[in-house]
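Here's the structure, in structure tokens; my notes come after.
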Amino acid sequence: MEKHDKIYVAGHRGMVGSAIVRRLQREGYDNIITRTHAELDLCRQEAVERFFAEERPDYVFLAAAKVGGIVANNTSPADFMYDNMILEMNVIHSAWRNGCRKLEFLGSSCIYPRLAPQPMKEDCLLTSSLEQTNEAYALAKISGLKYCEYLNRQYGTDYISVMPTNLYGPNDNYHPTHSHVLPALIRRFHEAKVEGAPYVTCWGDGSPLREFMYVDDLADLCLFLMNNYSGNETVNAGTGKEITIKALTELVADVVGYDGEIRWDTSKPNGTPRKLLDVSKAAALGWRARTDLREGIRLSYEDFLSNPMRAER
């Protein structure tokens, strides 16, 4: 990308999109296009087609998505499938129709099978069944990356896909029921500390292993790949390091400053037993994540405290 190229970041108000915008601005890109949901509903095909015909962006980062944690995904699968499939198809198709030079599609590590060999390589996609609690979201993301692949094969486009692990960081969603595990823990332990609660109850037994990546590291990788990678196979975005949910919970409590008891409700689901990405492909291209987990949680907690209204989303 050249510094004056027209770059559209879809989902710029979200955690990933806002991190990509920050990174672009820091690198001196000065022709960044954004639209709020009120200005452009990506689920409306006619509106998306009109936007692309008028703006004709050179590059697109597709970071817009309907996201949520286990509860949201499990209770509203139809909404997660429809909204994600329709918005990504609208954007990718309109980008192709209007001569976009390159598009980068942001997915999720939940596209991989529930019991995939660990760490998960890019080529394990569609080799066995998905995790049921977020199957609808995963199917939508698989459809998006496959559409990019098919456009490349049929029309010679240069559309790439990036599959991030669990993300956290500035501008995260801290909603009590619709957030992912790490921001949910930050909010829960903060409120318990403020209220002087003697204990906090967490879901499951704490045994699942998870990988967490600071969102600004992902943004760095996204720019790196846009400038240095082309190919049909997706690229995993992660740290290559994992931690049990129990250890993560204790780490968040320590960073937040909560010293009460942590209890586990084993009647609630654990989710996938292990999710670790194989990041050797990104490493071979010359990229690695930099942010330590404790430091990233500290920065995230500062972000949470700096804007309490974010916790209401």
Side-chain angles (χ1 to χ4, degrees), residues 1-67 84 86-107 144-145 147-148 151-152 155-164 167 169-172 213-231 234-235 237 282 285-287 290 303 307:
M1 296 184 295
E2 300 296 330
K3 300 301 183 183
H4 303 301
D5 285 334
K6 186 177 284 189
I7 303 169
Y8 171 48
V9 180
H12 75 287
R13 283 186 164 180
M15 177 174 60
V16 174
S18 61
I20 291 173
V21 170
R22 285 196 304 274
R23 185 66 181 177
L24 286 167
Q25 291 173 335
R26 191 158 58 244
E27 293 297 320
Y29 294 95
D30 58 10
N31 195 4
I32 304 169
I33 307 168
T34 59
R35 292 291 188 276
T36 65
H37 178 75
E39 294 169 330
L40 176 62
D41 184 348
L42 296 179
C43 288
R44 302 298 179 185
Q45 183 177 359
E46 184 179 354
V48 176
E49 289 177 346
R50 184 167 55 249
F51 164 76
F52 272 87
E54 291 173 353
E55 293 290 347
R56 301 186 72 84
D58 299 305
Y59 296 90
V60 173
F61 290 90
L62 180 42
K66 180 182 179 69
V67 298
N84 284 294
I86 200 72
L87 77 82
E88 67 197 26
M89 291 297 168
N90 284 343
V91 172
I92 297 168
H93 185 73
S94 291
W96 165 65
R97 289 289 299 271
N98 290 279
C100 173
R101 293 184 206 168
K102 192 167 187 176
L103 178 144
E104 186 173 295
F105 174 69
L106 275 294
L145 74 89
Y147 187 45
C148 289
L151 285 172
N152 290 345
Y155 295 106
T157 52
D158 187 9
Y159 292 178
I160 62 175
S161 299
V162 185
M163 295 302 124
L167 300 170
N171 207 26
D172 208 339
M213 183 181 193
Y214 191 60
V215 72
D216 284 59
D217 285 348
L218 173 63
D220 181 64
L221 175 60
C222 286
L223 266 67
F224 176 84
L225 293 174
M226 188 68 96
N227 286 320
N228 296 282
Y229 176 74
S230 294
T234 188
V235 178
L285 292 168
W287 187 91
R290 302 172 185 170
D303 175 69
N307 188 358

Going from [atom1] on [X] to [atom2] on [Y], what distance comes out if it is rounded to the nearest 0.5 angstrom?
X	Y	atom1	atom2	answer
Met89	Cys43	CE	SG	12.5 Å
Arg97	Tyr155	CZ	OH	9.5 Å
Arg23	Leu223	CZ	CG	6.5 Å
Ile20	Asp216	CD1	CG	10.5 Å
Trp287	Leu225	CH2	CG	8.5 Å
Ile7	Phe61	CD1	CZ	6.0 Å

- Task: Dump the intermediate steps for ring-ring contact (aromatic ring centres under 6.0 Å, His included) on Phe105 and Tyr147, then the final yes or no.
- Result: CA-CA 10 Å; Phe105 174 69; Tyr147 187 45; 9.9 Å; no
So which atom in [X] and which in [Y] form the shortest heavy-atom distance, rounded to 0.1 Å?
X	Y	answer
Asp303	Asn171	OD2-N, 3.0 Å
Leu87	Ala64	CD1-O, 3.5 Å
Thr34	Val21	CG2-CG2, 4.4 Å
Cys148	Thr157	O-OG1, 4.4 Å
Tyr214	Gly169	CE1-CA, 3.8 Å
Ala219	Ala19	CB-O, 3.4 Å

Check: [Y] and [X] side chains under 4.5 Å, non-hydrogen atoms:
X	Y	answer
Ile160	Val235	no
His12	Ile32	no
Asn228	Leu285	no

- Check step by step if side chain to side chain contact (heavy atoms under 4.5 Å, CB included) holds for Leu62 and Leu106. CA-CA 6 Å; Leu62 180 42; Leu106 275 294; 5.8 Å; no
- Task: Give a yes or no on this: more than 12 heavy atoms of other residues, nucleotides or ligands lie within 6.0 Å of atom CD of Glu46.
- Result: no
So, does [X] use its side chain to make a donor-acceptor pair with the main chain of [Y] at under 3.5 Å?
X	Y	answer
Lys3	Glu27	yes
Asp158	Lys102	no
Asp58	Arg101	no
Ser18	Met15	yes

- Given Leu42 and Val91, is the side chain to side chain contact (heavy atoms under 4.5 Å, CB included) satisfied, shown in steps? CA-CA 7 Å; Leu42 296 179; Val91 172; 3.9 Å; yes
- Which pairs pass side-chain hydrogen bond (donor to acceptor under 3.5 Å, both in side chains) with one or both residues in residues 47-56, sequence neighbours excluded? Lys6-Glu55, Arg35-Glu55, Gln45-Glu49, Arg56-Asn98
- Message: Please identify which of these residues, Ile33, Leu103, Ile92, meets the side-chain contact (heavy atoms from CB on, under 4.5 Å) condition with Val60.
- Response: Leu103
- Task: Please list, chain by chain and in numerical order, all residues satisfying side-chain hydrogen bond (donor to acceptor under 3.5 Å, both in side chains) with Lys66, sequence neighbours excluded.
- Result: none
